[in-house]
Every structure is written in C-alpha cells, then in structure tokens.
Amino acid sequence: MTTRVIIVDDQAMVRAGFAALLAAQSDIDVVGDAPDGVQGVELSRRTHPDVVLMDVRMPEMDGLEAARRLLDPPIGVTHRPKVLMLTTFDVDDYVYEALRAGASGFLLKDAPPADLISAVRVVAAGEALLAPSVTRRLIADFARRRPAPRKDRAALRLNGLTPRETEVLELIARGLSNQEIADALILAEQTVKTHIGRVLAKLELRDRAQAVIYAYESGLVAPGDR
C-alpha cells in the first residue's frame, strides 16, 4: 500500500530535497508541496494525503495553526491526515503545542535521510514518532510551563483503566520505552504493546505523545515525580 505525502515548508530547497528522497521509495508517493500553512491546508484538503510533513515556522500561517486546522477540521470535512512536524530545534513551544493538538511527532530537519523515510512510514502506520529522550524533554517542558496539572473529568476517565494499564500509562509518561516498561513490570514487550493499545483506545487518545500529555494533565503523574 502506497503512503501519500505532502510537504509544507517555506524553503524550496527543503521541499525539493525531501520530495526527491521520498519519491524514490516504492511505497511512498509525494502528491504535492506548499510554501506556507495556508496553502498547505488547502493542498491537504484537495489531495487527501496520509501524512503531512509540516514545518514549524512559516509565513502566512505557521505549522502549529495549520496542524490544528488539519487535525480539528470544520464540520463537513472528514479527512484527517497524520501530521509530522519538521523543526530545526529539538523541542520548542511550537512543537509541544502541536503534539497537544494531535500531531504524531516531530523530526529534525537535519536528520539522516533514512530517518525521514522511516518517520513517514512509522507515522503512516498510526504510531507516534516520539523517542523516549524526546518524551523526557517534553516532560521537563511541561513541568516548567504547567506546574499544576488540572484535575477534571479527564482524571475520572482513568478509572476505566485496569491497575496494570494505569502502571503502563504512568511509565509511558515518565519517558520509558516499551522495552524499559517490559523490564520494569517483568512483562514481554509484546504484552506491553497490547496494554498501550488498550490504554489509547480506552482514553480515546491518538498515540503515545498524547498519552504523555494526558497523564500529566489528568494528575496521574506530577512534574518532578520519580
């Protein structure tokens, strides 16, 4: 099955380079590119890509607002692509907010070509591109900007999780990889993946990135916990 991709970036060289690299893959089809968020949203509505590579900082409309419009479309628009943010910075406020809006992860623009290709495939498969080291930095950023997690109906939804699923969610929020969670709970890695799938389904979360944010905003985990 071919993955349809569009590239939204204000630098023509970046768009051309990424397009050439991805188009050379037999399972990826680059169906268009755009120089800013406004045109990117219009292009996505028209071409219905599976994955949008979205630059964070652009004129007219930045990648954050464009991602919000794609992931929370108006009534009557049903297409919701996966959005992979492109940035020259490890983690900044724009990327954090994009993850909260539902983006599936982010990739540094200077990442090796193989990482870009892998990222598109991972995101297209419905997984989050969020390495444990990135998760830990997001947690630190969350602690700095949101010192008091809100406790509301979201917290009550945790009651729908089993004790084991709650443990798994907590460890995800602390930045552990699947293998590290498996080691900590003395489980097979495949069993951990099954638990994570159930957690996401029960809490109606898109991916691991949203699970981390949810755990903090629901009060399950507090910044500074170990």
Side-chain angles (χ1 to χ4, degrees), residues 1-89 91-111 113-130 134 138 200 204-211 213:
M1 182 175 177
T2 301
T3 298
R4 295 166 57 81
V5 176
I6 67 171
I7 302 163
V8 185
D9 193 292
D10 63 337
Q11 296 181 343
M13 290 286 287
V14 171
R15 298 198 306 274
F18 283 6
L21 178 65
L22 294 173
Q25 311 307 309
S26 61
D27 60 334
I28 298 175
D29 184 15
V30 178
V31 297
D33 65 80
D36 60 57
V38 172
Q39 294 184 53
V41 171
E42 293 174 351
L43 179 63
S44 179
R45 299 268 197 264
R46 191 167 66 248
T47 60
H48 290 186
D50 301 300
V51 177
V52 177
L53 294 180
M54 181 79 73
D55 188 19
V56 171
R57 303 176 188 277
M58 293 181 291
E60 301 299 329
M61 180 190 292
D62 65 26
L64 173 58
E65 180 58 30
R68 284 177 176 149
R69 296 193 184 191
L70 291 178
L71 295 167
D72 187 20
I75 295 174
V77 177
T78 58
H79 178 252
R80 288 182 176 84
K82 302 292 194 306
V83 176
L84 177 62
M85 306 302 296
L86 299 169
T87 179
T88 53
F89 305 97
V91 174
D92 59 20
D93 288 350
Y94 281 95
V95 173
Y96 178 87
E97 292 299 334
L99 291 172
R100 295 191 74 239
S104 294
F106 74 92
L107 185 72
L108 295 177
K109 284 187 178 181
D110 60 359
D115 285 2
L116 172 63
I117 297 168
S118 175
V120 169
R121 290 171 176 158
V122 165
V123 169
E127 299 179 32
L129 188 74
L130 197 61
V134 174
L138 280 173
L200 297 181
E204 300 178 351
L205 303 173
R206 289 187 184 92
D207 52 40
R208 194 186 196 96
Q210 287 200 327
I213 294 168

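Side-chain atoms are counted along with the backbone in the values below, which use heavy atoms only and exclude waters and symmetry mates.
- The side chain to side chain contact (heavy atoms under 4.5 Å, CB included) with Pro73 is formed by just one residue from the set Arg45, His79, Arg68; it is Arg45.
- Atom-to-atom distance recorded for Arg69:CZ and Met61:CE is 3.0 Å, nearest 0.5 angstrom.
- Here Asp33 contributes atom CG and Leu53 contributes atom CG; the two are 11.0 Å apart, rounded to the nearest 0.5 Å.
- No side-chain heavy atom of Asp55 sits less than 4.5 Å from a side-chain heavy atom of Asp62.
- Annotation: the span from Glu65 atom CD to Met58 atom CE amounts to 11.0 Å, rounded to 0.5 Å.
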Scan the side chains in residues 2-13 for donor-acceptor partners under 3.5 Å anywhere in the protein, sequence neighbours excluded, and list what turns up.
unit_1: Arg4; atom_1: NH2; unit_2: Thr47; atom_2: O; d: 2.6
unit_1: Asp9; atom_1: OD1; unit_2: Gln11; atom_2: N; d: 2.7
unit_1: Asp9; atom_1: OD2; unit_2: Lys109; atom_2: NZ; d: 2.8

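- The two atoms that bring Pro59 and Asp36 nearest to each other are O-CB, 3.3 Å, heavy atoms only.
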Throw together a table of side-chain donor-acceptor distances under 3.5 angstrom for residues 20-32, partners on residues two or more places apart or in other chains.
unit_1: Gln25; atom_1: NE2; unit_2: Leu21; atom_2: O; d: 3.1
unit_1: Asp27; atom_1: OD1; unit_2: Arg121; atom_2: NH2; d: 3.0
unit_1: Asp27; atom_1: OD2; unit_2: Arg121; atom_2: NE; d: 2.9

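- Taking CG of Leu71 as the start and CZ of Arg80 as the end, the distance is 8.5 Å to the nearest 0.5 Å.
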Evaluation steps, salt bridge (charged side-chain N to carboxylate O under 4.0 Å, His left out), between Arg46 and Glu42: CA-CA 6 Å; Arg46 191 167 66 248; Glu42 293 174 351; 5.4 Å; no
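- Between Ser104 and Met85 the shortest side-chain heavy-atom distance does not fall below 4.5 Å.
- Ser44 approaches Pro81 most closely through the heavy-atom pair OG-CG, 3.7 Å.
- At a threshold of 4.5 Å between non-hydrogen side-chain atoms, the residues Val56 and Leu64 do not count as touching.
- Inter-residue side-chain proximity for Pro49 and Lys82 is flagged as unmet; no heavy-atom pair is nearer than 4.5 Å.
- Residues Ala119 and Leu84 come closest through the heavy atom pair CB-CD2, 3.7 Å.
- A distance of 11.0 Å separates CD1 in Ile117 from CZ in Phe18, rounded to the nearest 0.5 Å.
- The two residues Arg15 and Ala34 make their nearest non-hydrogen contact at CD-O, 3.3 Å.
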